[in-house]
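We number each residue from 1, following the sequence as shown. All values below come from the heavy atoms of this structure, side chains included, with hydrogens, waters and symmetry mates left out.
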Amino acid sequence: MTVVWAILAGVGFFALIMASIALHEVGHLVPSKIFGVRVPKYFVGFGKTLWSTRRGETEYGIKLLPLGGYVRLMGMYPPAKEPRRTGRLAELADGAREAEWSEITATDVATNRLFYQKKTWQKLIIMAGGPLMNILLAFLIFLGINLAYGQTQQTLTVAAVTQCLEAAPAACVAPPAKQAGVQVGDTIVALNGTRVSTWRELVGLVRAQGDGELTFTVDRSGAQVVLPPVHGVFRQLADLDDPSKTVTAGFAGMSSATAVVRVGPVGTAKDMWTMTTQSVKALATFPAKVFMTAYDLVTGKPRDVNGPLSVVGASVAASELATTDQLTLSSRIASYFSLLGGVNLFVAILNLVPLLPFDGGHIAGALWEALRRGWARLVRRPDPGFVDTARLLPVAYVVGAFLMITGVILVLADIISPIRIF
């Protein structure tokens with residue numbers, strides 16, 4: 001029976017991801033229609049069409065390969081300027097432009113139904129609509145979890161104090177917290193006179209001190225006690241923002257207790273901002289992590305538990321969360337949907353990368369166009385016209401090829417050497 005539930009949970013998670021992608025495209029579709037852009041197609045998936053229906057000028061449907069989705073907006077590329085450029089890259093741009101313009105009518109041009117004809121703020125809303133939809137979904141998912149179940153947070157109460165810096169008892173050297181006299185049950189109030197409100201804030205201060213002096217102020221049985229000053233020690237530790245990275249930082253040698261607390265909209269937004277900054281930093285090392293995943297797969301090395309996952313891997317992880325006996329039912333449900341919220345947030349951040357074919361590439365193009373035109377007006381020069389994003393198609397092809405190769409690597413890794421949570 002557990003196997004059946006695991007399969008259902010995994011398939012269900014995959015379906016929820018596809019629903020999130022479909023809603024991402026709705027985020028582009030709705031403002032496009034509001035601003036009058038002609039939208040001939042809205043599809044979930046790629047490849048052969050399994051089902052479609054037409055409503056007005058738009059065909060809606062589902063395709064065979066459930067690996068994404070798209071909404072087609074007419075007039076993404078403006079007409080070519082004369083004289084035309086020559087060369088292989090120019091040929092690629094002109095080929096894509098001609099393919100699109102073969103379906104554009106004179107009426108489309110005359111009635112401003114094309115994307116490139118829209119005002120900058122309209123272009124920004126249209127292209128940002130997809131990522132904003134995923135951000136909204138992530139916020140609603142996290143808020144629902146935080147209100148219904150709460151979230152497990154580290155508190156400033158000490159749950160354990162490390163006895164020795166090294167494992168060998170004969171060479172036992174007490175860590176700073178033990179030397180200072182920190183006890184289980186103490187609540188850390190301040191470090192070096194600086195009051196702290198979260199465990200993460202405390203850890204950040206300790207790490208920043210390195211081997212400098214540490215003076216802990218604790219609440220012990222209702223009384224505040226300033227403990228004797230001690231010196232910190234350096235240790236190799238997981239980075240707070242990217243656990244897959246190792247940093248050299250100060251170490252105290254104690255761990256925190258946890259508590260499940262309800263969190264409202266403001267707290268949820270703050271948590272999402274922290275997650276966003278962490279994700280942006282992780283995204284900068286994403287290509288290197290994909291390479292290491294491929295290397296580990298080829299050499300047979302264990303998979304990095306903090307490495308990237310494909311949609312398949314995320315579904316497997318969700319299945320494991322849903323069926324583990326190491327969590328309560330409510331914790332399993334909360335963890336399952338937290339993973340879905342995290343996927344939506346990552347999809348939003350990824351799509352805001354300022355390169356084609358991501359939405360961020362079109363956003364960057366619209367902003368550059370507005371900047372050029374604004375500067376031309378300021379210095380009384382002729383209008384430079386529309387930015388020709390078709391010229392950036394070679395970049396889109398390179399990025400698309402990278403994403404395709406990445407997808408294949410991660411799917412294979414998730415099948416052959418899946419990451420286990422428990």
Counting only N and O atoms by type, is there a donor-acceptor contact under 3.5 Å from the side chain of R113 to the main-chain atoms of G36? yes

Flag side-chain contact, heavy atom, 4.5 Å: K281 against D239: no

With under 30° as parallel and over 60° as perpendicular, where do the rings of H24 and H28 fit, or are they tilted in between? perpendicular

More than 12 non-hydrogen atoms from neighbouring residues, nucleotides or ligands closer than 6.0 Å to CH2 on W273, yes or no? no

Start with the C-alpha gap between L202 and W199, add the side-chain angles, then the distance that decides, and say whether side chain to side chain contact (heavy atoms under 4.5 Å, CB included) holds. CA-CA 5 Å; L202 172 64; W199 186 263; 3.8 Å; yes

Working to the nearest 0.5 Å, report the span between CD1 of I188 and OG1 of T198. 12.5 Å

How are the rings of W121 and F35 set to each other: parallel, tilted or perpendicular (split at 30° and 60°)? perpendicular

Nearest-0.5 Å distance that lies between atom CG in D296 and atom NZ in K289: 13.0 Å

Working for side chain to side chain contact (heavy atoms under 4.5 Å, CB included), residues T215 and V226: CA-CA 7 Å; T215 301; V226 179; 3.7 Å; yes

Test item: P176 and V233 side chains (from C-beta on) under 4.5 Å apart, heavy atoms: yes

Does the T274 side chain pair with the main chain of K270, one donor and one acceptor, at a distance under 3.5 Å? yes

Does NZ or CZ of R262 come closer than 6.0 Å to the centre of the six-membered ring of Y149, within 45° of the ring's axis? no

Check whether any side-chain heavy atom of P66 lies under 4.5 Å from a side-chain heavy atom of F14, and answer yes or no. yes

Q151 versus N146, side-chain donor and acceptor atoms under 3.5 Å: yes

For the backbone of A22 and the side chain of E25, can you confirm whether one donor and one acceptor N or O come within less than 3.5 Å of each other? no

State, without any angle test, whether Q154 and T258 hold a side-chain donor-acceptor pair at a distance under 3.5 Å. no

Is the cationic atom of K63 (NZ for Lys, CZ for Arg) positioned less than 6.0 Å from the six-membered ring centroid of F43 and within 45 degrees of its normal? yes

Side chain S315, main chain V311, donor-acceptor under 3.5 Å: yes

How many angstroms lie between atom CG of L340 and atom CD1 of I141, to the nearest 0.5 angstrom? 4.0 Å

Which word best sums up how the rings of F402 and F286 line up, parallel for under 30°, tilted for 30 to 60°, or perpendicular for over 60°? perpendicular

Let's go through S335 and L327 carefully: what are the C-alpha distance in whole Å and the side-chain angles of both, what is the deciding distance for side chain to side chain contact (heavy atoms under 4.5 Å, CB included) to 0.1 Å, and is it a yes or a no? CA-CA 9 Å; S335 299; L327 297 174; 4.1 Å; yes

Quick one: do N134 and F346 satisfy side chain to side chain contact (heavy atoms under 4.5 Å, CB included)? Show the steps, please. CA-CA 9 Å; N134 289 117; F346 180 77; over 6 Å; no

Between S197 and E201, a side-chain donor and acceptor under 3.5 Å: yes

Hey, mind stepping through T49 and S52 against side chain to side chain donor-acceptor pair (under 3.5 Å) and telling me if it holds? CA-CA 7 Å; T49 300; S52 70; 5.9 Å; no

Would you say L237 and R207 make side-chain contact, with heavy atoms under 4.5 Å? yes

Looking only at side chains, do H231 and D211 share a donor and an acceptor under 3.5 Å apart? no

Got a donor-acceptor contact below 3.5 angstrom from the D186 side chain to the Q183 backbone? yes

Answer yes or no: is there a side-chain heavy-atom contact under 4.5 Å between F216 and N192? no

Modelled atom types, side-chain donor and acceptor of S279 and T276, under 3.5 Å: no

How close do I126 and S32 get, heavy atom to heavy atom, and via which atoms? CG2-OG, 3.3 Å

F13 and Y336: CA distance, side-chain angles, deciding distance, ring-ring contact (aromatic ring centres under 6.0 Å, His included) verdict: CA-CA 8 Å; F13 190 82; Y336 185 90; 5.5 Å; yes

Donor-acceptor check, side chain of K118 to backbone of N112, threshold 3.5 angstrom: yes or no? yes

Using distance alone, with no hydrogens and no angle criterion, decide if T53 and E59 have a side-chain donor and acceptor under 3.5 Å apart. no

Say whether, by atom type as modelled, one donor and one acceptor occur between the side chain of T155 and the main chain of A257 under 3.5 angstrom. yes

Does a side chain donor of either T58 or K33 reach within less than 3.5 Å of an acceptor in the other side chain? yes

Could you state the interatomic distance from CG (L371) to CG (L378), rounded to the nearest 0.5 Å? 10.5 Å

I'd like to check F115 versus R38 (side-chain heavy atoms, cut-off strictly below 4.5 Å). Are they in contact? no

OG1/T389 to OH/Y77 distance, rounded to the nearest 0.5 angstrom? 6.0 Å

Note: R303-D414 ion pair, threshold 4.0 Å (strictly below): yes

Got a donor-acceptor contact below 3.5 angstrom from the Q209 side chain to the E213 backbone? yes

Spell out, as yes or no, whether a donor-acceptor pair under 3.5 Å connects the side chain of Q179 to the backbone of A174. yes

L410 side chain reached by L309 side chain, heavy atoms, under 4.5 Å: no

Hey, does the side chain of K123 reach the backbone of Y116 with a donor-acceptor pair shorter than 3.5 angstrom? yes

Can you find a pair of side-chain heavy atoms, one from V218 and one from T187, that are under 4.5 Å apart? no

